[in-house]
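Working notes for the structure below.
A quick note: this is a predicted structure, and the numbers were derived from the prediction, not measured.
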Amino acid sequence: MFGHEESDDDARIRREVTQRLTEDEYVDAHDLEVTVHHAAVTLTGSVGSVEQGHRAAELAAKVHGVAQVIDRLGLRRTAQAAQAMGELGSSPADPETRTPGVVGDMNEPATLKEAHTNSLTRR
């Protein structure tokens, strides 16, 4: 991807996919990145559930001009899942007992990282 100049069509597709993901009430776009190369959309990052990943890919595929969606999404480990596995102490709010790699606070606004632009925040 080095030296790749984004075409006008790719830029439009990236903007539309990004907008749909950030505005969708069922997708937590906290840790998603959208890249587009020759109308192929690549989704990377993590989502809260398998269903959210499927929905993100479906939303991207529905954007006019998208030729292919490459889904490289993983599942986000929640503090609750880590607690169930015995990886957290008794107080998940205590930074001393959090497990590295457990993603964020569910009360924070969702964000979406967009390649070549600033991060977007769902309002």
By side-chain hydrogen bond (donor to acceptor under 3.5 Å, both in side chains) - contacts of E16 (at least two apart) | R12

Straight-line distance of R76 CZ to L32 CG, nearest 0.5 Å |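 Going from CZ on R76 over to CG on L32, the span is 7.0 Å.
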
At what distance, to the nearest 0.5 angstrom, does CD of E33 lie from OG1 of T18?
->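 Rounded to the nearest 0.5 Å, the CD-OG1 separation comes to 9.5 Å.
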
Side-chain (D10) to main-chain (H38) donor-acceptor, under 3.5 angstrom = yes

Can you list every pair that meets salt bridge (charged side-chain N to carboxylate O under 4.0 Å, His left out) and has a residue in residues 38-57, with sequence neighbours left out?
-> D24-R55

Measure across V36 and E6 and return the closest heavy-atom pair with its distance rounded to 0.1 Å.
-> O-OE2, 4.5 Å

State, yes or no, whether a side-chain contact exists between T44 and T35 at a heavy-atom distance under 4.5 Å.
->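 T44 does not reach T35 side chain to side chain.
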
Which atom pairs, donor and acceptor, lie under 3.5 Å between side-chain atoms of residues 58-75 and protein residues at least two apart or in another chain?
unit_1: D71; atom_1: OD1; unit_2: L73; atom_2: N; d: 2.9

